[in-house]
Amino acid sequence: MEQRFEGENNLMDNNLRLGIMGGTFDPIHIGHLVTAEEAKYQFSLDKILFVPSAHPPHKREDAYSLATDRCNMIELSIEGNPNFSVSRIEMEREGPSYTIETLREIHRMYGKDTELFFITGADAILEIMTWKNPTELFSESRFIAATRPGYSLTKLEAALPKFNSKGRLAMNFVHMMEIPALAISSTQIRARVREGKPFRYLVIDAVWRYIREKGLYLEEG
Ligand code: NAP
């Protein structure tokens with residue numbers, strides 16, 4: 001099973017604190033990697049699973065690259081880090097990549113005692129109430145909203161429900177994390193490639209080569 005971490009024989013590992021990096025990763029860049037490493041440190045996570053969205057529910061099908069290319073670039077980026085792994089569960093599932101279904105599936109695989117921390121951009125978390133089964137999300141996982149420095153917490157508080165279906169205070173399940181390296185964005189990288197501007201060092205070297213060899217992002221998506 002490709003989600004296994006090096007040296008891990010028993011997926012039902014009680015008390016595992018598992019970070020799930022959710023995103024489109026089109027392409028994965030240094031900001032994402034710094035975010036994952038910082039979340040692991042700040043929240044004492046054991047492992048980080050990168051879960052690329054196969055069909056992001058809020059995006060047009062032609063607005064993002066092939067899931068295989070996005071996944072390959074993640075694999076190249078995390079190579080050699082035994083605490084990082086990539087999961088294709090959203091690629092193997094038909095239909096839109098709803099986060100609630102992913103979290104339930106990961107809980108089934110790793111066991112109910114595994115604590116999940118879903119890590120993604122704060123702008124995505126702002127929209128969480130429009131996701132599928134929004135209040136149930138907080139029963140499955142905590143959420144780490146990664147922001148550039150200076151992001152207003154008030155905006156996020158206003159976007160969240162006060163309580164979830166189990167009467168838990170939603171804000172207790174969402175944590176903010178400032179990441180200066182998030183000044184880099186995938187949108188900016190795609191634009192730089194299209195405009196023939198340098199983008200080396202914004203991504204891991206192997207990803208820089210992959211994008212050029214495959215001719216990705218040359219046309220507007
Ligand atoms: P997005 O709108 O493409 O991204 C919003 C912002 O967050 C962008 O600035 C993006 O920067 C940043 N970002 C995205 N993932 C990040 C990560 N892991 N770490 C740090 N910053 C990140 O969001 P998206 O990628 O489509 O969706 C984010 C996650 O939410 C995905 O897992 C998606 O499946 C989930 N989602 C679920 C539902 C649902 O269940 N109905 C609906 C929407 C989203 P970059 O462009 O540089 O990454």
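Whatever order the structure lists ligands and atoms in, that order sets their numbers, starting from 1.
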Given side chains that start at C-beta, do those of [X] and [Y] come closer than 4.5 Å, heavy atoms only?
X      : Y      : value
Arg93  : Glu105 : yes
Arg194 : Tyr217 : no
Leu45  : Ile119 : yes
Thr68  : Met91  : yes

Can you tell me which residue and heavy atom of the protein come closest to [atom], and the distance to 0.1 Å?
atom                    : answer
atom 24 (P) of ligand 1 : Thr24 OG1, 3.5 Å
atom 33 (C) of ligand 1 : Ser53 OG, 3.5 Å
atom 1 (P) of ligand 1  : Lys59 NZ, 3.7 Å
atom 22 (C) of ligand 1 : Gly121 N, 3.3 Å
atom 11 (O) of ligand 1 : His32 NE2, 4.6 Å
atom 6 (C) of ligand 1  : Asp123 CB, 4.0 Å
atom 43 (C) of ligand 1 : Trp131 NE1, 3.3 Å
atom 37 (C) of ligand 1 : Thr99 OG1, 3.1 Å

Exercise for the section: Please check if any side-chain donor atom of Arg70 sits under 3.5 Å from a side-chain acceptor atom of Ser53, or the reverse. Expected result: no
Handout entry: Side-chain donor-acceptor pair present, His32, Ser77, cut-off under 3.5 Å
Key = no
Problem - Pair Arg190 + Glu219, salt bridge at N-O below 4.0 Å - result: no
Exercise for the section: Select one of side chain, backbone, both or neither to describe which atoms of Ser186 lie under 4.0 Å from any atom of ligand 1, heavy atoms only. Expected result: both
Exercise for the section: With heavy atoms only and a cut-off of under 4.0 Å, state how Phe143 meets ligand 1: side chain, backbone, both or neither. Expected result: neither
Practice task
For atom 30 (O) of ligand 1, state whether the nearest protein heavy atom is under 4.0 Å away.
Solution key: yes
Handout entry: Any protein heavy atom < 4.0 Å from atom 4 (O) of ligand 1
Key = no
Exercise for the section: Measure the acute angle between the ring planes of Phe143 and Phe138, then classify it against the limits of 30° and 60° as parallel, tilted or perpendicular. Expected result: perpendicular
